[in-house]
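Got a structure for you, written out below as structure tokens; questions coming shortly.
Reminder, nothing fancy here: chain letters follow the sequence lines and each chain counts from 1.
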There are 4 protein chains.
Amino acid sequence: MLDAAVRTFGQRGYMAASMDEIAELAGVSKPLVYLYLNSKEDLFTACIRREAKALTEAVRAGARPDLPADRQLWSGLTAFFTHTARNPDGWAVLHLQARTHGEVFAAEVAEVRTEIVAFVTQLILAAAREAHRDPDLREREVAGLAEALVGAAESLADWANTTPGVTARQSAATLMNFAWMGLGDLMAGRHWTPPDESDEPAGTDGGGPHGAGVTAAQAGRTSPVR
Amino acid sequence: MLDAAVRTFGQRGYMAASMDEIAELAGVSKPLVYLYLNSKEDLFTACIRREAKALTEAVRAGARPDLPADRQLWSGLTAFFTHTARNPDGWAVLHLQARTHGEVFAAEVAEVRTEIVAFVTQLILAAAREAHRDPDLREREVAGLAEALVGAAESLADWANTTPGVTARQSAATLMNFAWMGLGDLMAGRHWTPPDESDEPAGTDGGGPHGAGVTAAQAGRTSPVR
Amino acid sequence: MLDAAVRTFGQRGYMAASMDEIAELAGVSKPLVYLYLNSKEDLFTACIRREAKALTEAVRAGARPDLPADRQLWSGLTAFFTHTARNPDGWAVLHLQARTHGEVFAAEVAEVRTEIVAFVTQLILAAAREAHRDPDLREREVAGLAEALVGAAESLADWANTTPGVTARQSAATLMNFAWMGLGDLMAGRHWTPPDESDEPAGTDGGGPHGAGVTAAQAGRTSPVR
Amino acid sequence: MLDAAVRTFGQRGYMAASMDEIAELAGVSKPLVYLYLNSKEDLFTACIRREAKALTEAVRAGARPDLPADRQLWSGLTAFFTHTARNPDGWAVLHLQARTHGEVFAAEVAEVRTEIVAFVTQLILAAAREAHRDPDLREREVAGLAEALVGAAESLADWANTTPGVTARQSAATLMNFAWMGLGDLMAGRHWTPPDESDEPAGTDGGGPHGAGVTAAQAGRTSPVR
DNA sequence: AATGAATGAGTGTTCATTCAT
DNA sequence: GATGAATGAACACTCATTCAT
């Protein structure tokens, strides 16, 4: 029943989605929808919560904490893009609809987004520690960067969902290159190389552009420069 | 009259905005709105077009083609953030509402977005040429990077519009650092330094210190590698 | 438009009356009803107010203050029964519907009813003065009597409206006898005689049982006993 | 189960009372209600019948036929006001709800009301016989008077139920004075005095002073005329 | 004997849209 | 050129009523 709601909300939008349509798509009658979820608002909130939970769980499951920071980021991003690609309606609900229809809903997604930004912030700080450099990055700057990274990921997810032929791995690779190396390094021919697929969770997404080793990536990670 | 429409659409959302409210805010009668713009859809499309045009013109005016690529990007971004900060409703219409309410509107903004992405793509390629490296960046990869850059900019614009105290220059600086240097370099203590304001297009952003050169920025840009 | 509403409310009841039906009966579309009267509640309140005003005006117009008290009561009652007989739906709205559907509406009619009870109270006191007796009727007792008289009149109005062939004058006569003389006197053969019709407002109600003089009535009034 | 229905109908009104609420208040499931009483209409009708029966029985039990007419009336009225005060919801169902929601229900209460009016009519005729006067009261006039008396009693019952601190005996006394003596006699200082409570049916109304005779009342009744 | 689960039909209310002037 | 007045169509929500068990 929530499936139908997410589909309808994701495609039609919150206001354009009629409870009639949702009920019909769910194969039940409208009063039943009202029996379980009390109102359109409640139904929408339930959708948001479910999709938010599913997304964060997918990302956290993807980013295994035993890996080094860049690899965690990579696998987290891959999981993120995979999930959003598989649940375009859920993603639309979270990223488009919930933010466009009332502060209540926006607050709901803002909360979970804050969690993710915090997670990415930790990742960046961990990366700094791993680099044995105590960089002069202040908390606040790191927060801004995490914000930018998450924002870029969200935008790329939208883009991937509306552009055919873009795989989750491609999106993740693009973003890793962009974020981790920066255009400056890329200009100089330095890339961040995604790791072998073998450590990906099974069934993620067929194919990917890179297959090489991890050596370059590792080198790049520990010292993208020199 | 479009002003009123953009304001209402931007604040209430496409569906929640009533033609009554728009007409009243515009100080005219409702049939007059229908006389000039045939329907709510047409009115909304007109809003999208106007705001899209205004935004692209602002960005193009900001990024003066005689500057080096990173400087062009910097000034383009600054213009972008300035414009979105000054026209929050217009930006909401473009980035939130238009993409949330039907494919027709989404296509309208997708078109102009494509233009901007192409512009950024050119910028990146130009930067590569300037670096006298013909990097093995394939067209497709560059497109992805441009996409990521634009996406990050959009997200930051939203963020800046909902977070008090964030100036356009700060947003631009954050993004330049993030995009141009990459997290890897940042972690190593290397930053991209924004140039002095004196090369900003006049009237963009009130006040600010005026200084001379570009030295730090240039240094940062030309040798993120060392 | 209010006519239709009063008719529908009076016949169907507040809740059973649908706005559709009211609009159709009024020969207009439903949104128009909502344009002029904002909601079903407001519409009902408007009906109550209109009918209450019409009723009190009819009664006050009937009871001309230059007459002696019993004659005032008589003519007021006649006007009351005439009005309720001519506006059965309005009367149903006031006396049945408004008191049955929510405290708000009940308060609305309670207010005007209080006015009428006060008016009758004054009438009774005036009658006492006219009798040159300063009876030991305390204010509170008089209020109770006025309450009973008004209540009896209301009930008789209902009864007359549901019993064919009962005229306003008959109801008024019955009530005058009942209230003014009391069953005790009636038992003893003493009646209150309605005055000649010639002083009634024109067009009241055809025919009446009594045509005689005023003498007996006057005697009855000034000294029902002796 | 009917208890719950009467309470709900009496307080919420016929239409506002939901079968859900009734079933819940009765502590049973909704289908069970439909098993015993087929529909909301039938349930309401059953309520009406039960309350009507209870009321008539209470009144008939109160008015013991061996007493003189005015005493019968007095005790009947006392029983009536006692019953309505103790069963406000039942009284609301009978007098407010049943008459407000459809002819079918109205007819149901009209029937039993007719019985009561007939009973009162007999009482009045008996009083006339007792007075050894065969007054020129025509059947029809007597019917009207009974109607007025019953109507006044109903109104007073409503009034007593919504006005705190009014006892059944007070209501009955007020009405006896009003009806038996008439305003004319009252104005002249003559009252009808309620008898001692000792002749009340046991268990009617707790407490109260006990005295002996009926003298004052009798005097009042037998000689309102002098 | 009793119910959890489900629905058809209808409610008040709103809004984009259009005439007659 | 401009509008006051009006509406058709739709929506969120509710409730009496009924199966399958």
Side-chain angles (χ1 to χ4, degrees), chain A residues 1 5 8 12-24 26-44, chain B residues 1 5 8 12-24 26-44, chain C residues 1 5 8 12-24 26-44, chain D residues 1 5 8 12-24 26-44:
Chain A
M1 198 149 100
T8 313
R12 294 264 189 277
Y14 174 62
M15 303 224 66
S18 85
M19 296 297 273
D20 281 284
E21 188 179 359
I22 293 174
E24 191 182 19
V28 297
S29 71
K30 204 171 20 164
L32 199 58
V33 180
Y34 277 90
L35 190 65
Y36 288 118
L37 301 146
N38 294 313
S39 67
K40 198 183 188 182
E41 283 203 359
D42 284 7
L43 174 57
F44 193 47
Chain B
M1 195 149 99
T8 312
R12 295 261 189 280
Y14 173 60
M15 303 229 63
S18 83
M19 298 296 274
D20 284 276
E21 189 178 358
I22 293 173
E24 189 183 17
V28 299
S29 75
K30 214 173 2 169
L32 197 58
V33 180
Y34 278 88
L35 190 65
Y36 285 110
L37 301 145
N38 292 316
S39 68
K40 197 184 187 184
E41 285 204 356
D42 285 5
L43 173 56
F44 193 48
Chain C
M1 198 149 98
T8 313
R12 294 263 189 278
Y14 174 61
M15 303 224 68
S18 84
M19 296 298 272
D20 281 284
E21 188 179 359
I22 293 174
E24 191 182 17
V28 298
S29 71
K30 206 167 24 161
L32 198 59
V33 180
Y34 277 88
L35 190 66
Y36 288 116
L37 300 146
N38 294 313
S39 66
K40 197 184 188 182
E41 283 204 358
D42 284 7
L43 174 56
F44 193 48
Chain D
M1 197 149 98
T8 313
R12 296 262 189 276
Y14 174 60
M15 303 230 64
S18 81
M19 296 297 273
D20 283 276
E21 191 179 358
I22 293 173
E24 189 182 18
V28 298
S29 76
K30 216 175 0 170
L32 197 59
V33 179
Y34 277 88
L35 191 65
Y36 286 109
L37 301 145
N38 292 316
S39 68
K40 197 185 189 183
E41 285 203 356
D42 284 6
L43 173 57
F44 192 48

If you compare all heavy atoms of D:Ser29 against all heavy atoms of D:Ala23, which two are closest, and at what distance to 0.1 Å?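 Between these two residues, the closest heavy atoms are C-CB, 4.1 Å.
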Expressed as a whole number of angstroms, how long is the span from B:Met15:CE to F:dA9:P?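 To the nearest whole Å, that distance equals 18 Å.
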Hey, what do you get for OG (A:Ser18) to NZ (A:Lys30), rounding to the nearest 0.5 Å?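 With rounding to 0.5 Å, OG (A:Ser18) is 7.5 Å from NZ (A:Lys30).
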Whole-Å distance between F:dC11 P and A:Glu24 CD?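 After rounding, the reported distance stands at 12 Å.
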Could you give the CG-to-P distance, from D:Asp42 to F:dA16, as a whole number of Å?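 Roughly 14 Å, once rounded to whole Å.
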Locate the shortest heavy-atom distance separating C:Lys40 from C:Met15; write the atom from each residue and the value.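 That closest heavy-atom pairing would be NZ-O, 3.4 Å.
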Shortest non-hydrogen contact between C:Leu43 and C:Ala5, atoms and distance: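 So the two residues come closest at CD1-CB, 3.7 Å.
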Closest approach of D:Leu35 to D:Asn38 (non-hydrogen atoms, all atoms of both residues):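 Heavy atoms only, the tightest pair is O-OD1, 4.4 Å.
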Locate the shortest heavy-atom distance separating A:Met1 from A:Leu32; write the atom from each residue and the value.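 Result for this residue pair: CE-O, 4.0 Å.
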Could you check how far CE of C:Met19 sits from P of F:dT14, rounded to whole Å?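 Value for this atom pair: 18 Å.
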For DNA chain E, whose closest nucleotide is more 5', that of C:Glu41 or that of B:Glu41?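 It is C:Glu41, whose closest nucleotide lies nearer the 5' terminus.
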If you look at every strand shown and take non-hydrogen atoms under 4.0 Å, does B:Ala17 touch a base, only sugar-phosphate, or nothing?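 Touches sugar-phosphate only.
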Answer whether the closest heavy-atom distance between the side chains of C:Met19 and C:Tyr34 falls below 4.5 Å.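 A side-chain contact exists here, since the closest heavy-atom pair is under 4.5 Å.
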Expressed as a whole number of angstroms, how long is the span from D:Glu21:CD to F:dT17:P?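 Spelled out: CD on D:Glu21 to P on F:dT17 is 16 Å.
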Between B:Lys40 (NZ) and E:dT17 (C1'), how many Å, whole number?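 Whole-Å distance recorded here is 12 Å.
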Spacing of C:Leu37 atom CG relative to E:dT13 atom P, expressed in whole Å: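 Nearest whole value for this atom pair: 11 Å.
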Sugar-phosphate means primed atoms, P, OP1 and OP2; the rest is base. With that split, encode nucleotides 3-9 of chain E 5' to 3' as B, S or - using protein heavy atoms under 4.0 Å. BB-BBB-
Touch class at under 4.0 angstrom, heavy-atom based, for C:Ala16 against every strand present: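 The answer is nothing, as C:Ala16 stays clear of every strand by at least 4.0 Å.
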Nearest listed nucleotide, side chain of A:Ser18, among E:dG12, F:dC11, E:dT17: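 Looking only at heavy atoms from C-beta outward on A:Ser18, the closest nucleotide is F:dC11.
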Rounded to the nearest Å, what distance is computed from the OH atom of residue C:Tyr34 to the P atom of nucleotide E:dG12?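 Rounded to the whole Å, the gap is 6 Å.
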If you take all heavy atoms of A:Thr8 and A:Ala17, which pair is closest and at what distance?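 In this case the closest contact between A:Thr8 and A:Ala17 is CG2-CB, 3.6 Å.
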Estimated bend of the helix from E:dA2-F:dT21 to E:dT21-F:dA2 (axis per five terminal pairs, rounded to 10 degrees):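 End axes: 30° apart.
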